[in-house]
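One structure is given below, encoded as C-alpha cells.
Just so we're clear, the structure is a prediction, and the values are computed from it rather than from any experiment.
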Amino acid sequence: MTKLATRCKYWYASHNGAKARVMAMERYNHRTSESHWQKRWNDERVFEAKETFGKPKHYVLEMFPYPSGRIHVGHVRNYTMGDVLARYMRARGHNVLHPMGWDAFGMPAENAAIEKGVHPRNWTYENIAAMRRQLKSMGLSIDWTREIATCDPSYYRHEQEIFLDFLAAGLVERKISQVNWDPIDQTVLANEQVIEGRGWRSGALVEKRELAQWFLKITDYSDELLAALDGLHRWPEKVRLMQQNWIGRSEGLRFHFELETEQGSPVPPLQVFTTRHDTIFGATFCAVSPDHALTRELARSSLEIAAFRRECEALGTSEEAIERAEKKGVFLGLYARHPFRPGFRLPVYAANFILMAYGEGAIFGCPAHDQRDLEFAHNYGLDVIPVVAPAAADPATFTIGDEAFLDKDDAQAVLINSDFLNGMTVAQAKEEVARRIEKKGIGQRKLNYRLRDWGVSRQRYWGCPIPIIHCPACGIVPVPKSDLPVVLPDDVTFDQPGNPLDRHLAWKQVKCPRCGNAAQRETDTFDTFVDSSWYFARFCAPRADRPTDPAAIDYWMPVDQYIGGVEHAILHLLYSRFFTRAMRRTGHIRLDEPFASLFTQGMVIHSTFRTPAGEWVLPADAVERNGRWVHAETGEQLIVGPAEKMSKSKKNVVDPEVIIDQYGADTVRWFVLSDTPPERDIEWTESGVAGAWRFTQRLWKLVNEVTERPAEPSLNVLSPQSTALRRTIHQALHAVSLDIEGLRFNRAIARIYELANALTAALASPVKDAVSPAVLREGATILVQMFAPMMPHLAEEAWRLLKMPGLAAQAPWPAADPALLVEDTVTIAVQVNGKRRDEVTLKKGLPAAEVESIVLELDNVRRALDGRSVRKIIVVPDRIANVVVG
RNA sequence: GCGGACGUGGCGGAACGGUAGACGCAACGGACUUAAAAUCCGUUGGGGGAAACCCCGUGAGGGUUCGAUUCCCUCCGUCCGCACCA
C-alpha cells in the first residue's frame, strides 16, 4: 500500500515541462474504476444467463468453494481462468452460464462451533458474505442471481428427494461396515483424519468399529464408469488414468476349494479370487482375511484365532505399518483339496495380508510367483513349487530364492511342474485352467473391481439430514416426499462430544409415517461429497421446485468447461460421474457425463521465510535489501526456503484482498495468468505482481496516446508500415483467440505483450505519420478487446476513452481479417547439413527449384560448402531449405 | 512395487520433427533528473573474434532422420497418484 502511494506521487512529480501532454493524462486508478464498472455490470445485468434459443450455449464452471471465510490466491487463479473463458465465449456470441455457489456443509463449521461457541449456520453464512464480497471485488462475470449454498434447505431438500429416488431405484444400501471410530469425540473419522493411528483432534487411538451405514451403489456402475473414460477426450489423460486405477478392474477367476478338517470331515467350500490361475499347480496353501466369515466363526471356539484377529485389528493400516508388518497368520485347522491334484491338501490359514474388501477375502497362495506368498511360506515352512520359468531355464534345476518369479505378460515364460499345463505360455495356461474350472462347475471367470461402494453416513450435525425414519415395527421407512425437507434443527449444543442430532430428542423422536407408532429419525447426515455431486445440475435452474428443470438442464448440460484443482481428480469427479448416471436412471437428467471438458489447474506456491530461530515469517513481513531477505521490522536476516504450497502453518500465504486493494483486481488477474502454463504450479512473487501492475499503466498510457492522434477516417490508402502493423494486429488477434480457446493463457498474454510492444514502437516511430492514426486506433481497439477478458475493468475504461459504444464486456469479439493472416513473403532458414547458416526472405509458395538456386548463391552457404559438392537439397516450402553435402 | 508426468539461460517459461531461448521477471548500460524512484531506449545462454562470422549448448548416453527440445531405447534426477488389490 505505502509502496504504491509513493510511486504515484513521484509519477506525477516527474512529468513536468516537456512532458505536459502526458501530464494531462490521468493515471489509471483501479480504486475508483473497478468498483464503478462492477456496479455498471451489475446494474445492467450483463452477466445474467438466459435460455434464449438460436444462440449456442456455453457452460463454464469452476469448482465451487468451501466458505472458509476468506478467498485464497488459489481461488483467484481458478476463478480468473474460468472468467477469461466465460467473457471470451460471451464475446464470441454464446449464451454463457457462469454461476457461483458454496459447498457449505462440513466439519470446519462444527469445529468453529466447538471452539468459538458460534452456531455453524451463522459462522457459515457470515463466511459466505465475506467471500462473496471478495469474489465480487475480482470483477468476475458471474450470474449472481443463481447463487446457491448447499446448507440451505432450498438446496438440500432436493438432495433428499434425489436420495429417496435413488433408494426406490435400488441404488442405496444399508450395510454394516468398518469405520475409524474416535472414542473421545465419539464420531467416525475419515481416513484423512486419522494421523498415525490417532484422531486428528482428540489424539485418541482410533478404533475400528462396525456400524450400520448408508451406501450409494457406485459399484453398479464400475464397468460403465471405467469404459466411459475413453470417451472423455477433453479430460486430462492423467485424471483418466487415476480414475482407471482407482476403479481397478482386473480379469480373473473365482472358484471354490472343497474344505475338510484335519480328520477329513467336510466343511462348506472356500471361495477364492485370483488373476493368476495359471499358477494353480504351484499352490501350497490357502489364506483368508482375519475378517473373513470363516475366521470369525472359528475365532469363537479358538483362543489362538481370536487372539490373532485382535492383533490384526490393533495393527495400523498406515503405509509404514504395512511396510514393516511381517507376513503373519494362524492355521485354521482346515485343509483345501486341490482341484487338479487328487489327494493333495493345502493348509488353510488366516493371514494378515489378505484384505477382506478385495475379491473374496480369500486366496490360494503360490509362493513361487507372489512375493507376499513367498514371505509367508518362508515364515511357516511351506513348500515353494516353481511352475513358471523363463523359456531358457532348465525346468529340472529352476529354483526360487528370496525373490518370487513374476513373469507378468512375458510371453517368453512357460509352465513347468504343472501336469496338463506344461509347456504352455501364461496366457494359454490361464485360458486352460479357466476352461477346466468352469467345466467342473466349481467356478467361473470374473471381473473384479477395486472400487467399493460409497459410504455416505457421517455422525455429524452440519450436513444434509438423511431422510429416513427407523421404525421398530416397519424397519427402514423413507420420509414421504411431502414431508421434505427434513430440516436441521437450530437449537443444538456442542458442549458434549458426539453428534448433537443424536441428543436432540424433540427432533429425533417422530411418528412412523407408515404405522404411526413411535419411531426415530436417522441422525446421520450425508458426506459433503454428496452435496457437490449434483450442484452443477442445480445451477441450470437454481430456484426450480424439483431438483432439476428438464428444459433448463437439457439446454445447459453438460458443463462445457470445468476447472478445478487436481486434488479432486478421483473423489469429487468420480462421484459426480456416478451421480449423473444415477440421476439419469431416476429421471432427473438425460445424460451420462456431466463435464464435457475438464481442466486441472496448478497450485499457487510461494517461497518460505523463517528466522534463524526457526519461526515462520509472512511474505508481507519480509523485504529484500541488497539481495538479502530480512524481516521488515526487526531487520533480522531470514532464511529463504524453496517455493511450496501455501500453508498457514508455514505462513507462506498472501491475502488476495490486500493485493487487490493495493494493485487492483486487473493486475492480480493478469499476474495469475502470466508466465506459467495454467496446469502447472505458479510461484507468487511480488516482483511479478508489480510487473503486471506496470503493464496496466503502460496499456493505459498507450490507449491515451493513440486517442490523442488526430482522427483519420479511412483505412484505404496505407503506407507499407501501416499495412505491416495491420498484419501484426490481426495475426495477434488470431493467435490470442486460439490461445484462449485452448486455455493457454500464458501464451495469450505473451502475444498481448507483443502487440502492445509493436503499437508502442509504432507510436514512437521517428518518421512522422509513418503509421496511419486509423491503424493505430484499430490496433488499440483490438488490443483492448483482447485483454478485456483478463483485465475487464481497465478494458472498460479504455473502451470509454476510445469512444466505443456500449460496454467492452458486451462487445462482440473482433474478427481477424483472413487476408491479413496470410503473408506474401516468408523468411526461411537455410541450413547446410542441418546447421543453420543463413536466412532468406522469399515470395511465398516459390517453387522448390527456384529456392534451391537462390539458396546456393548465398555467401554464407558457399562458405559453408567450402568447395564440397552438393548431394541434395531438401526444401520444405515456406519453411526451410537444407543443403546436404556429400 | 505399479502407473504417470517432468528435466531448456540467473528465474518463470516459448518453440505443427524445420532459425532453440518468443514473452515476462531479474540484472547491467544509457537518456531524463540536483538526486533517487518512476518512465523511456538498449544489452543479456556459454566461449572465440575488431568485425563478418565461427564453435559449444535443451539432465547423460545411444538410435531413427537431410534435420531432434520434439520420435524411439537405456540410464540419472525431481514430482505426483495408487499401493499387502491376490
Distance between the [atom1] atoms of [N] and [M], in whole angstroms?
| N | M | atom1 | value |
| --- | --- | --- | --- |
| B:U44 | B:A27 | C1' | 8 Å |
| B:C6 | B:C73 | P | 14 Å |
| B:U69 | B:C54 | C1' | 23 Å |
| B:G63 | B:U70 | C1' | 15 Å |
| B:G29 | B:C80 | P | 41 Å |
| B:A50 | B:C66 | C1' | 36 Å |
| B:C40 | B:G47 | P | 30 Å |
| B:A20 | B:G3 | P | 37 Å |

Donor-acceptor pair (no angle test) under 3.5 Å: A:N245 side chain, B:C82 base: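 Side chain to base: no pair below 3.5 Å.
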Donor/acceptor link under 3.5 angstrom from A:Q831 side chain onto base of B:G18: yes
Quick one: is [X] getting a side-chain N or O under 4.0 Å of the [N] phosphate, OP1 or OP2?
| X | N | answer |
| --- | --- | --- |
| A:R751 | B:A14 | no |
| A:R879 | B:C16 | no |
| A:K645 | B:C80 | no |
| A:R694 | B:C25 | yes |
| A:R680 | B:C79 | no |

When the distance from [atom1] of [X] to [atom2] of [N] is rounded to whole Å, what number comes out?
| X | N | atom1 | atom2 | result |
| --- | --- | --- | --- | --- |
| A:I605 | B:U78 | CD1 | C1' | 13 Å |
| A:K835 | B:C55 | NZ | C1' | 8 Å |
| A:L865 | B:C54 | CG | P | 13 Å |
| A:I874 | B:G67 | CD1 | C1' | 8 Å |
| A:N833 | B:A68 | CG | C1' | 16 Å |
| A:N757 | B:G42 | CG | C1' | 14 Å |

Cationic N near anionic O, under 4.0 Å, A:R372 to A:E375: no
Salt-bridge present (A:E823, A:K844; N to O < 4.0 Å):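 Salt bridge absent between A:E823 and A:K844.
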Test ring-ring contact (aromatic ring centres under 6.0 Å, His included) applied to A:F376 and A:F285, step by step: CA-CA 10 Å; A:F376 188 79; A:F285 67 97; 5.0 Å; yes
Watson-Crick/G-U partner (both atom distances under 3.5 Å) of [N]:
| N | result |
| --- | --- |
| B:G67 | none |
| B:G7 | B:C76 |
| B:C16 | none |
| B:C40 | B:G30 |
| B:G45 | B:C56 |

Sugar-phosphate, base or nothing in reach of A:S687, heavy atoms under 4.0 Å: sugar-phosphate
Residue A:K645 excluded, over 12 heavy atoms near NZ under 6.0 Å: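 Counting neighbours around NZ of A:K645, 12 or fewer heavy atoms of other residues, nucleotides or ligands fall under 6.0 Å, so no.
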N-glycosidic conformation, B:G30 - syn within 90 degrees of 0, else anti: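 Anti, since the glycosidic angle lies more than 90° from 0.
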Modelled atom types, side-chain donor and acceptor of A:Y753 and A:S674, under 3.5 Å: no
